[in-house]
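One structure below.
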Amino acid sequence: MSQSPAVLPKPKCGEPYLLTPGPLTTSIEVKKAMLRDWGSWDGDFRAMTADLRHGLVDLLGTGCEAYDCVPIQGSGTFAVEAMLASFTPKDKKTLILSNGAYGKRAAETMAYLGRPTEVLDKGDYLPPRGPEVAALLQADPDISHVLIVHCETSSGILNPLTEISDVVAAEGRALLIDSMSAFGAIPVEPSSLKFEALVSSANKCIEGVPGFGFVIAEKTTLEAAEGNSHSLSLDVHAQWAHMEKTGQWRFTPPTHVVAAFLEALRAHKTEGGIAARGARYAANRDVMVSGMRSLGFETLLDAEWLSPIIVTFFCPADPAFSFPKFYDLMKERGFILYPGKLTVVESFRVGCIGQMDEQVMRAVVAAANDVLKEMGVTSAAPPAEALKERARLAA
Ligand SMILES: *Cc1c(COP(=O)(O)O)cnc(C)c1O
């Protein structure tokens with residue numbers, strides 16, 4: 001057994017750091033906020049729900065008055081499904097811009113809903129670009145809605161949201177955004193983007209715990225959505241109308257999760273809002289990526305497309321490397337990694353979000369260096385095929 005280097009800062013509360021895109025490492029204050037019970041019907045909790053909704057809408061900045069926030073119980077996928085079911089029409093097409101697992105899931109959701117769908121499939125990690133989307137919209141006037149995944153968490157690519165929003169608006173169509181893993185760290189502002197609705201969840205960049213997602217939509221869109229959902233529990237209009245009328249959730253709310261989320265929102269504001277949160281994550285990424293590169297690791301994506309949320313690395317070609325072993329030894333040192341989701345080559349992911357700073361990221365790199373030595377890996381360079389594939393697709 002090798003010893004961890006003494007310089008590693010101990011994870012808070014003695015738990016490992018979650019280098020994963022949610023659930024993620026939360027603050028002790030967020031955890032403590034869950035140490036009491038709330039009556040879902042009680043005025044105190046209704047006030048908490050109102051604070052949560054206002055706090056989230058405020059994050060849109062200038063122009064936020066046109067929008068409202070509707071929390072939805074469940075994980076993020078429930079909220080994506082609620083948004084698609086409530087806002088996409090049954091007699092017009094929705095174009096899904098897919099470049100990874102979450103785009104695929106959105107298309108699959110549309111298939112469950114039985115709604116007319118087109119998919120622009122860019123494979124595992126190429127971004128959808130404005131001109132190709134404009135061409136698709138011009139060629140098919142039946143497309144009324146477009147869904148983009150803001151940060152495609154499966155590869156870590158930050159998709160060109162403004163570029164896509166511009167062409168969708170120019171073609172007079174409506175934009176829906178899966179900003180699940182980006183909202184709270186990367187601006188989504190009606191002053192510079194035209195969009196009908198976005199969706200995110202409690203356990204990503206706001207740094208709460210899992211238990212609900214939320215849809216932020218134009219009030220006109222919410223009004224028009226009456227009767228459009230196939231589902232009772234995922235009907236965004238019904239949840240919104242009920243909350244507006246009674247201040248309550250329609251069905252049992254995740255009370256402790258809401259309390260934790262309000263604490264997380266307070267901390268987000270204190271830190272300096274979206275700009276400061278995004279800057280901390282970007283610094284985490286920069287320190288971690290340059291450190292991993294110095295060990296010989298290569299990122300899947302070119303620098304231009306690396307999100308400050310999560311980064312995909314190729315597994316080293318060295319036969320002494322095995323990801324399960326690497327994972328276990330990193331966990332022993334206090335870091336939980338995330339397996340990769342690529343189909344062509346082996347990869348793993350390192351998240352940059354949660355209660356972590358540059359110092360923690362330096363410790364991650366030091367631990368990785370230590371683990372490679374323990375495994376007897378002499379080079380962390382990826383297989384030649386991986387780099388060839390990357391170059392071919394970038395061309
Ligand atoms: C996390 C995430 C989701 C939702 O996933 P859940 O596991 O249901 O929370 C959807 N889209 C993206 C881009 C995500 O990162």
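In what follows, every heavy atom counts, from backbone to side chain, and hydrogens, waters and symmetry copies are set aside.
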For [X], enumerate each residue passing the side chain to side chain donor-acceptor pair (under 3.5 Å) test, keeping only those at least two apart in sequence or located in another chain.
X	result
Ser144	none
Asp37	His256
Thr153	Ser181

Under 3.5 Å, is there a donor-acceptor pair between the side chain of [X] and the main chain of [Y]?
X	Y	answer
Thr49	Leu52	no
Thr255	Ser40	no
Gln73	Phe251	yes
His150	Asn159	no

Within the 4.5 Å heavy-atom criterion, are [X] and [Y] side-chain neighbours or not?
X	Y	value
Leu136	Leu95	yes
Tyr327	Ile336	yes
Ile157	Pro127	yes
Val146	Leu137	yes
Ile310	Val350	no
Val57	Leu59	no
Val215	Trp240	no
Leu387	Pro382	yes

As an exercise, state the distance from [atom1] of [X] to [atom2] of [Y], rounded to the nearest 0.5 Å.
X	Y	atom1	atom2	result
Glu226	Ser86	CD	OG	11.5 Å
Thr221	Glu223	OG1	CD	9.0 Å
Lys204	Ser179	NZ	OG	10.5 Å
Asn99	Ser154	CG	OG	7.0 Å
Met180	Leu198	CE	CG	9.5 Å
Trp249	Ile72	CH2	CD1	8.0 Å

When you check the gap from the basic side-chain N to the acidic O, do [X] and [Y] get nearer than 4.0 Å?
X	Y	result
Glu385	Arg390	no
Glu263	Arg266	yes
Glu358	Arg280	no
Lys219	Glu65	no
Arg293	Glu298	no

May I have the step-by-step check of side chain to side chain contact (heavy atoms under 4.5 Å, CB included) for Lys92 and His145, ending in yes or no?
-> CA-CA 8 Å; Lys92 292 268 188 185; His145 286 64; 5.9 Å; no
Using every non-hydrogen atom in the two residues, find where [X] and [Y] come nearest and quote the distance to one decimal.
X	Y	result
Tyr281	Gly354	OH-N, 3.5 Å
Pro116	Pro89	CD-O, 4.2 Å
Pro383	Pro316	CD-C, 4.4 Å
Ala320	Gly376	CB-O, 3.6 Å

Evaluate the criterion side-chain hydrogen bond (donor to acceptor under 3.5 Å, both in side chains) for residue pair Thr312 and Arg349; output intermediate values, then yes/no.
-> CA-CA 4 Å; Thr312 298; Arg349 291 176 287 173; 5.0 Å; no
Test side-chain contact (heavy atoms from CB on, under 4.5 Å) applied to Thr220 - qualifying residues, sequence neighbours left out =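 Testing Thr220 for side-chain contact (heavy atoms from CB on, under 4.5 Å), a comparison that skips the adjacent residues, returns Glu218.
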Please collect all salt bridge (Lys or Arg N to Asp or Glu O under 4.0 Å) contacts where either partner lies in residues 233-246, sequence neighbours excluded, each pair once.
->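 Every salt bridge (Lys or Arg N to Asp or Glu O under 4.0 Å) pair that includes a residue of residues 233-246, provided the two are not neighbours, is Arg53-Glu244.
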Where at least one partner belongs to residues 170-191, residue pairs that pass salt bridge (Lys or Arg N to Asp or Glu O under 4.0 Å), sequence neighbours excluded |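 Sorted pair list comes back empty.
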Full working for side chain to side chain contact (heavy atoms under 4.5 Å, CB included) between Met375 and Leu329 | CA-CA 9 Å; Met375 291 175 76; Leu329 293 174; 3.7 Å; yes
Are Asn284 and Asp357 close enough, and set up right, to give a side-chain hydrogen bond (donor to acceptor under 3.5 Å, both in side chains), and what steps lead you there?
-> CA-CA 6 Å; Asn284 284 353; Asp357 58 12; over 6 Å; no
List in chain and number order the residues that pass salt bridge (Lys or Arg N to Asp or Glu O under 4.0 Å) with Lys93, two or more places apart in sequence or in another chain; answer none if no residue qualifies.
->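 Lys93 satisfies salt bridge (Lys or Arg N to Asp or Glu O under 4.0 Å) with Glu118, Asp140 only.
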Ignoring hydrogens and geometry beyond distance, is a side-chain donor-acceptor pair present between [X] and [Y] at under 3.5 Å?
X	Y	result
Arg105	Thr77	yes
Lys341	Ser155	no
Asp44	Trp38	no

May I have all residue pairs that pass ring pair (Phe, Tyr, Trp, His ring centres under 6.0 Å) and include part of [range], sequence neighbours excluded?
range	result
residues 81-114	none
residues 342-367	Phe297-Phe348, Phe313-Phe348, Phe323-Phe348, Phe326-Phe348
residues 123-144	none
residues 47-78	Tyr67-Phe195

Determine the sole option in Gln355, Glu15, Lys31 for which the side chain to side chain donor-acceptor pair (under 3.5 Å) test with Thr26 is passed.
->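 When side chain to side chain donor-acceptor pair (under 3.5 Å) is applied between Thr26 and each of Gln355, Glu15, Lys31, only Lys31 qualifies.
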Just do the side chain to side chain contact (heavy atoms under 4.5 Å, CB included) check on Val133 and Glu163 with the steps written out, would you?
-> CA-CA 10 Å; Val133 172; Glu163 181 179 312; over 6 Å; no
CD (Glu132) with more than 12 external heavy atoms under 6.0 Å =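 Count over threshold, so yes.
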Over 12 non-hydrogen atoms of neighbours within 6.0 angstrom of CD in Gln248 |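 Yes, because the 6.0 Å sphere around CD of Gln248 holds more than 12 heavy atoms from other groups.
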How would you list, by chain and number, every residue that makes a ring pair (Phe, Tyr, Trp, His ring centres under 6.0 Å) with Phe314, sequence neighbours excluded?
->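 Result, ring pair (Phe, Tyr, Trp, His ring centres under 6.0 Å) vs Phe314: none returned.
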In sequence, state the C-alpha distance, the side-chain angles, and the governing distance for Leu56 and Phe261, and then conclude on side chain to side chain contact (heavy atoms under 4.5 Å, CB included).
-> CA-CA 11 Å; Leu56 285 170; Phe261 190 77; 3.8 Å; yes
